[in-house]
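By convention in this document, chain letters (A, B, ...) are assigned in the order of the sequence lines, proteins followed by strands, and residues within each chain are numbered from 1.
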Amino acid sequence: MRCFDVTRRSVPASLMKLYKSVILNKQIHQPPMLIEHKHTHAVNILQLFTISTAHIIRLHDRFKELDTERRGYLCPQDFGAIKGLAINPIGDRIIGAFFSPGRETVDFYTFVKILAHFRPADNIRPKESSSPEPINSRTNKLKFVFQMYDLDKDGKISRIDLLKALRGMLEMQVTEEQLDSIVDRTIQEADLDGDDAISFEEFRKSLEKVNIDHKMSIRFLR
Amino acid sequence: MWGDAVEIAAVVMVPGSQARLDSGFMETSVLTSILCSPTLASSQQQSHFRDRGGSHCGRGSCWQGFICVAAHIPARISGFLAQNQLAHRTTWSDNIVSGHQTSIMDRLKCTTFILFLMLVASLLPLGGHASPPEMGTGNGDTGHKPNYTKKAFPVLSFDYKNVRIPFEISLWVLLASLMKLGYVPPCQQPMALNNSLSPRGVGQCPEASVKLKKASDTQRLLTVPLRFHLIPRVSNIVPESCLLIVVGLLIGGLIKFVGEDPPVLSSKLFFFYLLPPIILDAGYFLPMRPFTENLGTILMFAVVGTLWNAFFIGGVLYGVCQLKGVNLENMDLLSCLLFGSVVSAVDPVAVLAVFEEIHINELLHILVFGESLLNDAVTVVLYHLFEEFSSVGSITVTDVFLGIVCFLVVSFGGIMVGAIYGILAAFTSRFTSHTRVIEPLFVFVYSYLAYLSAEVFHLSGIMALIACGAVTRPYVEANISHKSHTTIKYFLKMWSSVSETLIFIFLGVSTGGRRAQLELDLCDLYGVIGLTLVINKFRIVKLTTKDQFIIAYGGLRGAIAFSLIYLLDKDHFAMKEMFLTAIITVIFFTVFVQGMTIRPLVDLLAVKKKQETKRSINEEIHTQFLDHLLTGIEDICGHYGHHHWKDNSSDQIKAHPFLPLFRLNRFNKKYVKKCLIVGERSKEPQLIAFYHKMEFKQAIELVESGGASKLPSAMPSTVSMQNIQPKKVSQDRALPQVSKAREEEIRKILRTNLQKTRLRLRSYNRHTLVADPDDDGWDDFLIKRNRIKDLDKMSHMTHHLTVPAPPPDSPTIARARLSSDPQAWGNKPVIEDIKPVTGGIPTIKVELASPQSPESVCVVDEFKKDSNEQEDGLVMKAMSLVSKKDGTGEDDIEPQQRLQRCLSDPGPSAEEEEDEPFLP
C-alpha cells in the first residue's frame with residue numbers, strides 16, 4: 001500500500017477521519033463492527049476488501065463522477081453513459097453485475113464490493129485459515145464471472161446463456177449455424193455430467209489452466 | 001549527367017543479356033537508351049554499345065572501374081531474368097508488378113536488380129560531384145559532341161544540372177522507400193502465412209476447397225507482390241535498422257570503391273530535415289495517457305539516468321585514459337565528459353525502430369520511448385555546457401549553477417515554445433473551414449516553426465516538437481475535417497518512416513566512407529564502455545528486474561549522438577576523429593548487437609509467449625469474456641477514463657513539475673476549448689462519414705451473407721468463413737461427437753472472429769496507423785449491435801406474423817438471400833443513377849458481388865423505395881430504425897435522426913410512415 005496524502009483529496013471529512021483512525025490503530029484485521037454506525041460501511045470496506053485508503057478515495061471520486069445527479073447512488077443509466085462500456089460487447093452484463101436482482105440502484109459500498117473482485121491477489125497470503133476467503137480469491141472471481149454468464153440465474157450456464165454471450169462477442173460474419181455449433185461444442189467439451197449445461201464446478205474445471213488472477217485484476221487496485 | 005547514368009545502366013544491361021534476350025526486348029532497351037542519352041543516338045549498332053559506353057566512361061575517371069564491376073552482376077541478373085522470360089517486352093518496373101507467377105527468388109533478383117540500377121543512377125551523379133571540372137564540360141552534351149551543334153533546333157535538350165539536387169534527393173528517397181518495401185516486418189509474416197495456409201481444414205468438400213484455394217490464390221497474388229521478401233529469413237532476426245545500415249554501408253563502400261567521397265550525413269541535413277518528421281510523428285501520436293501516467297518514471301529515467309550515465313561514463317573514460325597511457329594521455333576530463341554526455345543520449349529513432357518490431361509490453365515501450373524523447377534535452381544541454389567549458393578552460397561554481405539553470409531553461413523553454421505554436425496552430429485551424437485543403441499544412445508548418453524557433457535559442461527543439469504535437473492534436477482534431485485528419489496522419493507516418501530509413505542508410509553510408517581507422521584497443525575500450533553504459537542504466541524504479549534489464553538493454557544510440565559529435569569544432573577538440581570513430585562503434589554495437597539480441601532476450605526472459613498449443617474452446621471463449629470484462633471494469637473505474645488527470649494525480653503525476661499546469665488545463669478546458677475549437681460545425685462531416693461507413697458495412701455484410709465468395713481480399717476471414725459454412729451445416733446436426741478437424745475449425749472461427757478487446761494502452765506504432773478505438777471500435781460495435789437487434793426482431797417476426805415460409809432457412813440466410821440474390825433483384829426497378837442528394841453528401845455505391853447484376857445498391861436510395869418492394873427495403877429500414885431507436889448514447893439519437901432526415905430525400909414524414917409496421 002502506498003503511503004498517501006489523504007488531506008489533499010476531496011473526501012467527506014468524517015469518512016476521512018475514520019479512515020485515518022482505522023489505519024493508525026491498525027484495526028484492519030479485527031472483525032467488522034456490527035453496530036449501527038454511519039461509518040460502518042467505510043470500515044467494512046476497508047476490512048472486508050482490504051483495499052487501501054488511497055484506492056477507496058479514488059474510487060469514491062470516480063463514484064461521484066459517475067453519479068452526475070448527486071443522488072448518492074448509481075443507476076444503470078449512469079453506467080450506460082460510460083462510452084467504453086457502451087461499446088463493450090458484454091457491457092450490459094457488466095452493468096447488470098452491479099445490480100442485485102430487484103434493485104435499481106447501487107451505492108458506494110456495493111460499488112466497491114463489486115470492484116473488489118478485481119483486486120490482484122495478495123502476495124502475502126495470510127495463513128489463518130479461519131478467516132473467510134478474501135473476495136478477490138480465485139474462486140470468488142470465478143463465481144463472479146460465472147454469474148455474469150448465467151443470465152437466468154439458475155446456477156448453470158445453459159445453452160441459451162452461452163448463445164447470448166457468444167452472439168455478443170463474435171464478429172458478425174459468424175452465421176447462426178456456426179454459432180449453434182460452437183455453443184454445442186463448447187458445452188460438450190465442458191459438460192461432465194451430461195445435463196447439457198455448465199455448472200460452476202465444470203466451469204472452474206474448464207478454466208483450470210487460465211491464470212485468473214492475471215486476467216481479472218486491475219493494475220491500479222494493486 | 002543523368003543521361004550518362006542511364007546510358008551506363010543501359011550499357012550494363014545490354015551486353016550481358018545480349019545472348020539471350022529476344023529482339024523485342026532489345027529494341028526496348030535500345031530505344032530507352034537512345035531516348036535518354038543523346039550521345040548514344042548516333043550509334044545504331046548494338047555491338048558497339050560496350051565500346052562506346054566504355055570510352056565514354058573513360059571521360060569520367062571514376063566510372064571506368066565501376067563499370068567493370070557493375071557490368072558483371074546485373075548482367076547476370078538480367079540474363080537470369082531473360083531466361084525466365086520475365087523481361088519480355090516490358091519495362092523493368094512492370095516486371096516487379098506483374099511478376100506474380102514467378103517464384104520469390106525471381107522476384108528477389110528482380111528487386112535487387114532494380115535497387116542496383118537505382119544505386120547506379122544515384123551514385124554516379126554523386127560521384128560526379130567530386131570532379132567538378134569534368135562535370136562542367138561534360139554537362140552540356142552539345143559542347144562535347146561537336147556534330148550535334150548542327151542541329152537547328154534542340155528538339156531534345158539535356159540539362160541535368162538544373163535538376164540535379166532535387167533529382168538526387170528524390171532518388172535517395174526512392175531508394176529509402178524501396179528498402180522499406182523490401183523489408184517485411186516479422187509481425188506480418190506469420191499473418192500472411194496463416195492466410196495462405198488457411199484452406200487446409202476443408203479437405204472433405206472438394207467444391208469448397210477449390211473455392212477456397214481460388215480465394216487464397218487471389219489473395220496471395222494480391223498480397224505477395226506488395227510485400228515481397230527482400231531477405232526472407234533475415235528479417236526475422238535482424239531489425240530493420242540494422243539492415244538499413246548494412247545497405248548504407250554497402251552503398252558507402254561502393255562509392256568509396258569508385259573513388260568518390262560518400263555523402264556524409266551532415267548535421268544540418270539531419271537536424272533540419274530528417275529528425276523533425278520523426279519527432280513530430282512521435283509527439284503527435286504520443287499516447288498521452290500511458291505517457292503521463294508514467295511521466296514520473298520517464299522523467300526519472302531521462303534526467304537522473306542520463307546525468308548519471310554521462311558523468312559515470314565520462315569519469316570512467318577519463319580514468320581509463322589516465323591508467324593505460326596508450327597514446328591517450330592528452331585526453332582531458334572535459335572531453336571525456338563531453339563524450340559521456342553525448343553517448344548517454346538514447347536515440348529515439350533507433351529505439352523506436354527496434355522496440356516497435358519486438359512488440360514489447362506497452363508499458364516498457366512507453367518508458368523507453370519517453371525516456372529517449374526527453375533525455376534529448378539533458379544531452380543537448382550537457383553537450384553545450386561541456387563544449388562551452390572546454391573552450392573556456394576553467395570552470396567555476398557559478399558555471400555549474402548556470403548549467404543547471406540552463407538545463408531547466410532549455411527543456412521548459414522548448415516546451416513553452418512548442419506549446420505556444422501548438423495553441424497557435426489550434427487557433428488557426430478554427431478558421432480553416434472554407435479551405436479544407438490546406439488544413440493539414442498548418443499542423444506541419446506550425447510544428448516545424450516551433451522546432452526552428454526553439455533551435456534559434458538553442459532550446460530543445462525536440463521538446464518543442466513534442467509539445468507542439470501533443471498540444472495541437474486534440475484541438476486540431478476537433479476542428480479539421482475528417483479527411484484532413486486522415487491526411488495528417490498518413491503524411492506524418494510517411495515522412496517519419498522515410499526519413500528514418502534515410503537516416504539509417506546515411507549512417508551506414510557515412511561510415512562506409514570513412515577510413516577504417518578503428519584501432520583495436522580503442523574498439524575494445526569502447527565496447528567495454530558500451531557495456532558499462534548498458535549496465536549502469538539500472539536504476540531504482542519499481543519495476544521487475546526483467547523490465548529493468550530490458551529497459552537498460554533497449555537504450556540504443558543512434559544518429560543524434562553521431563551528429564552531435566560531428567558538430568564538434570575541430571579546433572577545440574583534437575580528438576574529434578577519434579570520438580567519431582568511437583561513437584560509430586558504440587552506435588553499431590548498440591544497434592547491431594543489442595538490437596539483434598533484444599528480441600530473443602525478450603522471448604527468453606519476461607514476456608511469456610501465450611501458449612497456443614492446447615487451449616480448449618471453453619478457455620478460448622472464457623478468456624475473451626474475461627478480457628471484455630476487465631476492459632469494462634476498467635472503464636467503470638475510470639482508470640483510463642476522461643478524468644484521467646484527476647485519477648492519476650494520485651500516483652506518479654504528483655512528482656510531475658507541470659502538475660499545476662495540467663490542473664489549470666483541466667479547469668480551463670472548457671474556456672480553452674471555447675477559444676480554440678469551433679462549435680458543432682466540424683462534428684457534422686465526421687458524423688456523416690461515420691454514418692456512411694456504417695451503411696457501407698451493412699451493405700457489404702448483406703452481400704457477403706448472400707454467399708458471394710468473390711469478396712475483396714481485404715476481408716480474408718470472411719472469405720474462408722463463407723466457404724466453410726455449407727459443410728458445417730450439413731455435418732453439424734448429424735453427429736454430436738465431432739472430429740478433431742472440426743474442433744480445429746471451430747477454434748479457428750473463434751480465433752478469427754472473437755472481437756478483440758480494445759488495447760489497454762493505446763499502442764504507438766510508427767509504421768502503421770493503429771486503429772483508433774474511438775473510430776473503428778465504435779462503428780463496428782454500433783453496426784453489430786444493430787444487427788443483433790435486427791436479428792432478434794427478425795426471428796420475432798418470423799415467429800409471430802409469418803407466412804409459412806417454405807425454406808427452413810435461418811433468418812440470416814433468408815434475409816441475405818432476399819437482398820442479394822441477383823434474380824430477386826433483377827425484376828425490381830433499381831434506381832441506377834444517384835440523385836443529387838442534399839448538397840455535397842457523398843453517396844455510397846456497393847457493387848454486388850455477382851457480375852451479372854450490374855446494378856449498384858445506393859444505400860441512400862434504399863430509403864426511397866416504394867413499399868411494394870418491402871422485402872428488399874425491409875432489411876435496411878429495420879436496421880436504420882433500430883439504430884435510431886437504440887442508439888446507445890442518448891446524445892447519438894439526435895444527430896442520427898437529423899442525419900437520416902437529410903439523407904433521405906422525400907422527407908422524414910414518408911419514411912416514418914414506412915417504418916411504422918416494423919415497430920414491435
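Ring pair A:Tyr149/B:Phe625 is parallel by interplanar angle, where below 30° counts as parallel and above 60° as perpendicular.
Looking at A:Phe63, neither its backbone nor its side chain comes within 4.5 Å of chain B, counting heavy atoms on both sides. Only the side chain of A:Ile198 comes within contact range of chain B, with at least one heavy atom under 4.5 Å from a heavy atom of that chain.
Here the CG atom belonging to B:Leu626 is positioned 6.5 Å from the CG atom belonging to A:Leu207, to the nearest 0.5 angstrom.
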Pair B:His622, A:Val145 - check side-chain contact (heavy atoms from CB on, under 4.5 Å), show working. CA-CA 9 Å; B:His622 297 324; A:Val145 180; over 6 Å; no

